[in-house]
Amino acid sequence: MIKITFPDNKVREYESGINGYDIAKSLSNSLAQEILSISVNDELWDISRPINIDASIKLFKWEQTEGKHAFWHSSAHILAEAIEFYYPGTKFGIGPVIENGFYYDVDLPEGIILTDNDLPKIEQKILELSRTKCVFVREDISKAEALDFFTKKNDPLKLELINELEDGTITLYKQGNFTDLCRGPHLPDSSFIKAVKLLSLAGAYWRGNEKNKQLTRIYGITFPKQKLLEEYLILLEEAKKRDHRKIGKELELFAFSQKVGAGLPLWLPKGAMLRERLEQFLKKVQKKYGYLPVITPHIGQKELYVTSGHYAKYGADSFQPIHTPAEDEEFLLKPMNCPHHCEIYKLKPHSYRDLPIRFAEFGTVYRYEQSGELHGLTRVRSFTQDDAHIFCRPDQLKEEFLKVIDIVLYIFKTLEFKDFTSQISLRDPNNKEKYIGSDENWEKAESAIIEAAAEKGLNTVVELGEAAFYGPKLDFMVKDALGRKWQLGTIQVDYNLPERFELEYMGSDNTKHRPVMIHRAPFGSMERFVAVLIEHTAGKFPLWLTPEQAVILPISEKYNEYAKKVENLLNNCDIRTLIDDRNEKIGKKIRDNELKRIPYLLIVGEKEEQTETIAVRKQSEGDKGSMTIEDFTNLIKKEVDEMLEEHN
RNA sequence: GCCGAUGUAGCUCAGUGGUAGAGCACUUCCUUGGUAAGGAAGGGGUCAUGGGUUCAACUCCCAUCAUUGGCUCCA
């Protein structure tokens with residue numbers, strides 16, 4: 001007999017050799033039906049694997065990640081089996097579980113190219129194989145046996161993987177006609193899989209290295225119930241509706257032109273208005289925090305970037321140099337604003353009393369992103385950073401970090417980004433040589449960031465080895481509608497540029513010292529920020545930000561004149577208002593303007609004209625009744641003030 | 001850059017080896033309507049660009065450009 005300890009610390013005795021499924025069954029039949037995987041002494045196991053020792057266990061259902069993990073992992077094997085059925089001779093790479101589903105990287109036989117049209121038949125085969133209730137059989141083998149097996153199978157990719165494994169830890173899983181190298185765990189059999197959708201095909205380099213062979217990657221997702229798949233597909237559709245590229249086009253915020261060039265966004269009037277408002281908003285905050293505005297050109301001499309080191313590091317990936325009639329003269333489009341700001345700092349000597357100095361600029365920069373990297377407004381070749389560089393003494397680092405974090409948090413709060421994460425990137429402690437700057441400075445900077453983040457109550461992840469070579473950093477990330485993570489704000493310490501530009505200040509000891517630089521951009525870039533904001537709000541921007549706050553809808557042409565009067569009054573009160581005087585019925589006008597995400601619709605007809613009022617309809621809430629124009633302007637002002645209210 | 005897909009009217013999308021279609025939008029007319037689509041008529045396209053095959057190409061082939069899913073999830 002063995003002792004099994006459950007998560008609630010209850011202990012029950014079972015016969016040695018019992019498996020997870022039977023344990024679940026001993027608790028309840030319905031539970032047994034739902035169990036997908038088990039952890040035995042914190043190690044994930046198949047529920048069909050016999051347990052011969054005293055152990056503490058946890059049982060996992062579909063609702064738990066561990067349960068989904070086993071489910072999708074097994075699904076990946078069935079996908080592989082289906083592929084091997086249609087394309088014998090295929091070599092298999094890896095087939096891991098991902099956040100939503102799984103994929104398998106395969107090297108198809110010479111001359112076979114998969115297209116989307118091939119996916120349905122593979123899906124059908126997967127369902128067919130699932131219905132046969134194929135059992136997943138686990139087998140422990142030696143490294144030599146594993147090498148032998150995959151040599152016979154002629155699968156060099158698996159051999160490469162096995163060669164990196166230690167002897168004695170190798171397991172195979174077999175189901176039907178397919179055997180795969182796999183750590184597990186798996187479902188007991190394939191019949192759990194009731195619904196499948198192969199989502200997309202993509203090329204993927206073996207082990208993510210572009211020097212390696214490109215394999216075909218097949219993405220898929222499976223579910224234990226057809227209904228869950230349907231719900232998931234609806235979710236995907238909903239997410240697509242929030243896509244900033246779609247909404248940006250619908251609301252005429254931005255566009256691209258093939259003739260202007262790929263990755264070079266054109267901000268249309270409404271988008272530009274929105275962006276300007278965001279910029280004004282940040283400028284006001286920055287002024288309060290002691291930032292000084294600067295403006296620098298879009299190009300700079302090549303020498304500037306040689307000094308900064310950007311030319312050596314990014315020169316090849318940037319736009320080609322600009323030549324002038326003067327011989328040997330070369331300019332670059334600026335990929336960064338910092339070198340220009342360093343030159344401004346250098347214009348005059350600084351005392352320790354002057355620091356920190358904070359130069360801020362909405363600086364447009366240009367980088368030649370690879371064509372395949374371009375994506376809407378989130379990955380472009382021309383973008384504007386809400387950039388600032390803080391030149392400070394090392395002992396001021398923490399204080400400055402606290403202030404920048406305050407700005408970021410204020411922005412996130414105002415724009416209602418509640419679901420964000422932050423990451424502290426530190427040096428790789430085992431590889432200190434690859435970083436510039438003294439040990440002492442690094443330690444100071446790293447603890448300044450960690451302490452500042454902790455003081456502000458940030459929920460942070462610390463990543464060792466993720467720091468830039470020139471200093472540690474703190475990044476803020478949010479997710480877009482499709483669950484993709486985007487980095488927005490960033491705060492980076494830099495020891496490199498002050499060194500390269502030989503920046504100095506006079507210390508209290510009357511000797512020269514080197515300042516530290518902080519790069520920071522709370523939005524990151526205006527382009528990316530607006531993109532994420534569009535997806536976050538589904539185009540329903542906050543009242544203070546939206547291009548048009550109210551549209552006046554006359555019931556008929558007879559009230560156009562009164563509508564004009566109302567428009568003037570509201571615009572005089574700085575409420576951005578338009579009239580929709582098309583010859584359409586009121587229902588039609590309401591529908592169209594709701595679709596344009598106008599926050600307030602003001603309906604005026606006979607009643608309103610006579611009583612000098614407007615009938616107010618709020619976006620997605622409906623009729624709010626009639627009120628005077630003065631009441632309405634007060635309402636708007638109050639709403640805007642509340643949104644922008646500063647926290648302390 | 002590489003692998004797959006896509007490119008037809010302002011927008012969303014059908015379509016065929018033999019002179020191009022729908023809905024919405026737009027223009028005009030009727031209608032003057034009270035909280036998410038009133039009716040009629042009309043204008044609008046070098047079918048991404050450049051080559052090739054063919055009596056004939058928007059359609060088939062090749063190239064280019066652009067858009068798009070992916071190329072970091074480690075058996």
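Keep in mind it's a predicted model, so treat the numbers as computed, not measured. Both backbone and side-chain heavy atoms feed into the values below; hydrogens, waters and symmetry mates do not. Naming: A, B, ... by sequence-line order, numbering from 1 per chain.
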| query | Within this structure, what is the CG-to-P distance between Asp581(A) and U32(B), rounded to whole angstrom? | reply | 18 Å
| task | Start with the C-alpha distance between Phe178(A) and Phe92(A), add both sets of side-chain angles, then the distance that settles ring-ring contact (aromatic ring centres under 6.0 Å, His included), and finish with yes or no. | result | CA-CA 11 Å; Phe178(A) 184 77; Phe92(A) 293 90; 5.2 Å; yes
| query | Arg591(A) has a side chain; which of G69(B), A37(B), G33(B) sits nearest to it? | reply | A37(B)
| note | Paired to G1(B) by Watson-Crick or G-U wobble criteria (both distances under 3.5 Å) is C71(B)
| field | Base of G4(B) paired with side chain of Gln214(A) (donor-acceptor, under 3.5 Å) | value | no
| Between A25(B) (P) and Leu595(A) (CG): distance, integer Å | 11 Å
| field | Pairing nucleotide - A22(B), Watson-Crick or G-U, each distance under 3.5 Å | value | U12(B)
| said: With a 4.0 Å cutoff (strictly under), does any side-chain N or O of Lys249(A) reach OP1 or OP2 of U12(B)? | reply: yes
| task | Pick the P atom in U68(B) and in C29(B), then give their distance to the nearest Å. | result | 41 Å
| Hey, is the side chain of Lys240(A) poking within less than 4.0 Å of OP1 or OP2 on G69(B), counting only N and O atoms? | no
| Residue matched to C60(B) through Watson-Crick or wobble contacts both under 3.5 angstrom | G52(B)
| Taking a pair as Watson-Crick or G-U wobble with both distances under 3.5 Å, which nucleotide is matched to G7(B)? | C65(B)
| query | Does Arg381(A) make a cation-pi contact with Tyr366(A), if we ask for NZ or CZ under 6.0 Å from the ring centre and within 45° of the axis? | reply | no
| field | Minimum-distance nucleotide to Ser556(A) side chain [options: U67(B), G34(B), G33(B)] | value | G33(B)
| said: Taking the P atom in each of A36(B) and U19(B), what is the distance between them to the nearest angstrom? | reply: 47 Å
| query | Does NZ or CZ of Lys125(A) fall inside the cone over Phe85(A)'s six-membered ring, less than 6.0 Å from its centre and within 45° of the axis? | reply | yes
| request: In whole angstrom, give the distance that lies between atom CD1 of Ile218(A) and atom P of C3(B). | output: 17 Å
| field | Residue Gln258(A), side-chain atoms from C-beta onward, closest of C73(B), C65(B), G33(B) | value | C65(B)
| message | Among C26(B), G34(B), C71(B), which nucleotide has an atom closest to any side-chain atom of Arg582(A)? | response | C26(B)
| query | Side chain of Ile590(A): nearest nucleotide among A36(B), G34(B), A75(B)? | reply | A36(B)
| CD of Glu594(A) versus C1' of U35(B): gap in Å, rounded? | 9 Å
| field | Lys588(A) side-chain proximity, nearest of A75(B), A25(B), G33(B) | value | A25(B)
| remark: note: Ile586(A), atom CD1; U32(B), atom P; distance rounded to Å ~ 16 Å
| message | Measuring to OP1 and OP2 of G1(B), would you say a side-chain N or O of Ser371(A) lies under 4.0 angstrom away? | response | yes
| query | Taking the P atom of each, how far is A41(B) from A25(B), in whole Å? | reply | 16 Å
| query | How many Å lie between CD1 on Ile614(A) and P on G34(B), as a whole number? | reply | 20 Å
| Nearest-Å distance once atom P is located in both G10(B) and A48(B) | 13 Å
| Under 4.0 Å between a side-chain N/O of Tyr219(A) and OP1 or OP2 of C71(B), yes or no? | yes
| field | N/O donor-acceptor pair under 3.5 Å between Ser425(A) side chain and Ala467(A) backbone | value | no
| request: Report the distance from atom CG of Asn560(A) to atom C1' of U32(B), rounded to the nearest whole Å. | output: 11 Å
| field | Separation of atom CZ in Arg379(A) from atom P in U72(B), rounded to whole Å | value | 13 Å
| note | Out of A37(B), C2(B), G33(B), minimum distance to the side chain of Tyr205(A) belongs to C2(B)
| Candidate nucleotides U32(B), G34(B), C2(B), ranked by approach to the side chain of Lys558(A) - the nearest | U32(B)
| request: State whether Asp148(A) and Lys152(A) are salt-bridged, where the test is any N-O pair (Lys NZ or Arg NE/NH1/NH2 against Asp/Glu carboxylate O) under 4.0 Å. | output: yes
| query | Are Gln423(A) and Glu466(A) close enough that a side-chain donor and a side-chain acceptor fall under 3.5 Å? | reply | no
| message | Please name the nucleotide paired to U46(B) by Watson-Crick or G-U wobble geometry with both distances under 3.5 Å, or report none. | response | none
| task | Please step through side-chain hydrogen bond (donor to acceptor under 3.5 Å, both in side chains) for the pair Tyr86(A) and Asp118(A), ending with a clear verdict. | result | CA-CA 10 Å; Tyr86(A) 282 116; Asp118(A) 299 315; over 6 Å; no
| said: Need the pair for A41(B). Rule: Watson-Crick or G-U wobble, both distances under 3.5 Å, any strand; none if unpaired. | reply: U27(B)
| field | Contact under 4.0 Å: Arg245(A) side-chain N or O vs G69(B) OP1/OP2 | value | yes
| message | So if I take every side-chain heavy atom of Ile98(A) and compare against A36(B), C73(B), C74(B), which nucleotide ends up nearest? | response | C73(B)
| field | Selected nucleotide, minimal atom distance to Arg217(A) side chain, candidates A75(B), C73(B), G34(B) | value | C73(B)
